[in-house]
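Read the structure below first, then the notes.
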Amino acid sequence: MFRTRLLSGIVLVILAFAVIMAGGWVLAAVLCAVSLTAYRELTKATIVHTKEKAYNALEITGSILILLYYAGLYLGMCFMREYDRSIIYYMLTFCVTAAIASFLFVYVFSFPKFQAGQVMAAFFEFMYAPVLLSFLYMIRQGWSHGLYLVGLIFLCSWGSDTCAYCVGVLFGKHKMAPRLSPKKSVEGGIGGVAGAAILVGLYTYFVINPFSAEPFRLNLGSAMCLGAVGALISMVGDLAASAIKRDYDIKDYGKLIPGHGGIMDRFDSIIMVAPLIFFGLSLIAP
């Protein structure tokens, strides 16, 4: 099991690196596919999915919205001027409004097929995975140095998780959330936050600032603070995804990634970290 998990993790990192390096439509298409899979995993895990059909109207609506959202995001970013990210905020506002209207349309004209709880869950799942994950694309394409800045997301999620695991194994005594994740400890959490801050600091000093063109520079202290907060949010994302699984009594969201489970099992922390890094960079980056 460990060998399978390790090998699939290595392959996943290599694929992620290649896709991020490519950027542009390649990254948009892959994130769209990942978002569609994550949305499907969430609807099947919760009350949105009904066993009457492979896909019901709510799931089809959500999938169409994801396709339209990523197509619009890609086109919008293509015409966005450097340092002018206002188009992103307009798109997010329009996206929220259009999604609510679309799901309510299905709710009203198929009444009483779906309950209000299913409609609200479908909207939440659309915003939770597909929209929040798209901030990775916004960072990659929104800054001229986005190729380097995207690394902050993975350091705050996968990097802090590795640090938390190592510290937890060595020093963990106090359980953080025993009902959600019995193996996570307070000591491990502290190690994850500290580790992420150090990793982000080193990455900023040795990679982002040296390889970014003048006058782009990140303040080292601000970057480390962003890394620490990102690690905290990463833990919340991980535990939130676990809480959903506990609520619906499932072990994994899927079996797509050997040894890891589904997309939501592997990207749960990244989903939460990506928007934080985006808005954090909007404050501290030129």
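Here the closest non-hydrogen pair linking L73 and S134 is CD2-CB, 3.8 Å. Here the closest heavy-atom approach between residue S63 and residue Y39 is recorded as N-CE2, 4.1 Å. Taking each heavy atom of F126 and G62 in turn, the nearest pair found is CD1-O, 4.2 Å. The nearest pair of heavy atoms linking F123 to F103 is CA-CE1, 3.7 Å. Heavy-atom minimum distance, C156 versus S234: O-CB, 3.4 Å. Shortest non-hydrogen contact noted between A223 and T204 is CB-OG1, 3.4 Å.
Transitive grouping of hydrophobic side chains (ILVMFWY, heavy atoms separated by less than 4.5 Å) brings L283 and M138 into a common cluster. When the side chains of ILVMFWY residues are joined at heavy-atom separations under 4.5 Å, either directly or via intervening members, F211 and L218 end up in a single hydrophobic cluster. V236 and L232 are assigned to two separate hydrophobic clusters, defined by single-linkage of ILVMFWY side chains at heavy-atom distances under 4.5 Å. The cluster map of Ile, Leu, Val, Met, Phe, Trp and Tyr, joined by side-chain heavy atoms under 4.5 Å apart, puts I263 and V19 in the same cluster. By the criterion of side-chain heavy atoms lying less than 4.5 angstrom apart, applied directly or through intervening Ile, Leu, Val, Met, Phe, Trp or Tyr residues, F267 is grouped together with F17 in one hydrophobic cluster.
Taking OG1 from T97 and CG from L92, the interatomic distance works out to 10.5 Å, rounded to the nearest 0.5 Å. Separating the CG atom in L42 from the CD atom in E59 is a distance of 11.0 Å, to the nearest 0.5 Å. Rounding to the nearest 0.5 Å places OH of Y165 at 15.0 Å from OG of S160. Taking CE from M176 and CE from M235, the interatomic distance works out to 5.0 Å, rounded to the nearest 0.5 Å. Here L155 contributes atom CG and L202 contributes atom CG; the two are 9.5 Å apart, rounded to the nearest 0.5 Å. L132 contributes atom CG, which lies 11.0 Å from atom CG of L276 (distance to the nearest 0.5 angstrom).
Side-chain atoms of C32 and L67, non-hydrogen and from C-beta on, do get closer than 4.5 Å to each other. Y148 has its side chain within reach of Y203: a pair of non-hydrogen atoms, C-beta onward, lies under 4.5 Å apart. Side-chain atoms of K184 and K175, non-hydrogen and from C-beta on, never get closer than 4.5 Å to each other. Residues I190 and V167 have side chains not in contact (no heavy-atom distance under 4.5 Å, counting atoms from C-beta outward). Contact check for S102 versus L65: side-chain heavy atoms found under the 4.5 Å cut-off. Here the side chains of L281 and I277 are in contact, with some heavy-atom distance below 4.5 Å. Using a 4.5 Å heavy-atom cutoff, the side chains of V200 and L226 are not in contact.
R140 places no side-chain N or O within 3.5 Å of a backbone atom of V150 that could act as its donor or acceptor partner. Judged by distance alone, with hydrogens and angles left aside, the side-chain atoms of R217 form a donor-acceptor pair with the main-chain N or O of N209 at under 3.5 Å. The closest donor-acceptor contact from the side chain of D268 to the backbone of L239 lies at 3.5 Å or more, if one exists at all. S110 places no side-chain N or O within 3.5 Å of a backbone atom of K113 that could act as its donor or acceptor partner. Looking only at distances, a side-chain donor or acceptor of Q118 sits under 3.5 Å from a matching main-chain atom of I47. Looking at S242, its side chain does come within 3.5 Å of a backbone N or O of D238 through a donor-acceptor pair. Remark: side-chain polar atoms of D252 are not paired, donor with acceptor, to backbone N or O of D265 under 3.5 angstrom. Looking only at distances, a side-chain donor or acceptor of T162 sits under 3.5 Å from a matching main-chain atom of W158. Between the Y70 side chain and the P130 main chain, a donor and an acceptor come within less than 3.5 Å of each other. Remark: side-chain polar atoms of Q141 are paired, donor with acceptor, to backbone N or O of G24 under 3.5 angstrom.
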Assess the residue pair N219 and I284 against the criterion (side-chain contact (heavy atoms from CB on, under 4.5 Å)); give the C-alpha distance rounded to whole Å, side-chain angles, the decisive distance to 0.1 Å, and a yes or no.
CA-CA 8 Å; N219 178 272; I284 68 173; over 6 Å; no

Tell me, with the steps shown, if E125 and T43 meet side-chain hydrogen bond (donor to acceptor under 3.5 Å, both in side chains).
CA-CA 7 Å; E125 289 157 3; T43 58; 5.2 Å; no

For I244 and Y128: C-alpha separation, side-chain torsions, deciding distance, then whether side-chain contact (heavy atoms from CB on, under 4.5 Å) applies.
CA-CA 12 Å; I244 295 174; Y128 177 34; 4.0 Å; yes

Chi angles and distances behind the side-chain contact (heavy atoms from CB on, under 4.5 Å) call for Y55, R40:
CA-CA 9 Å; Y55 288 86; R40 177 63 170 167; 3.7 Å; yes

Would L136 and F154 count as a side-chain contact (heavy atoms from CB on, under 4.5 Å) if you check the C-alpha gap in whole Å, the side-chain angles of each, and the deciding distance to 0.1 Å?
CA-CA 10 Å; L136 192 153; F154 296 97; 4.0 Å; yes

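Counted within 6.0 Å of NZ on K245, heavy atoms from surrounding residues, nucleotides or ligands total more than 12; the atom is thus considered enclosed. Under a cut-off of 6.0 angstrom, the local environment of CG in D249 is sparse, with at most 12 non-hydrogen atoms contributed by other residues, nucleotides or ligands.
Checked against a 6.0 Å centroid threshold, the rings of F278 and W143 count as neighbours. For F105 and F109, the ring centers sit closer than 6.0 Å to each other. Residues F135 and F279 bring their aromatic ring centres within 6.0 Å.
Geometrically, R266 does not engage Y253 in a cation-pi contact defined by less than 6.0 Å to the ring centre and at most 45° from the axis.
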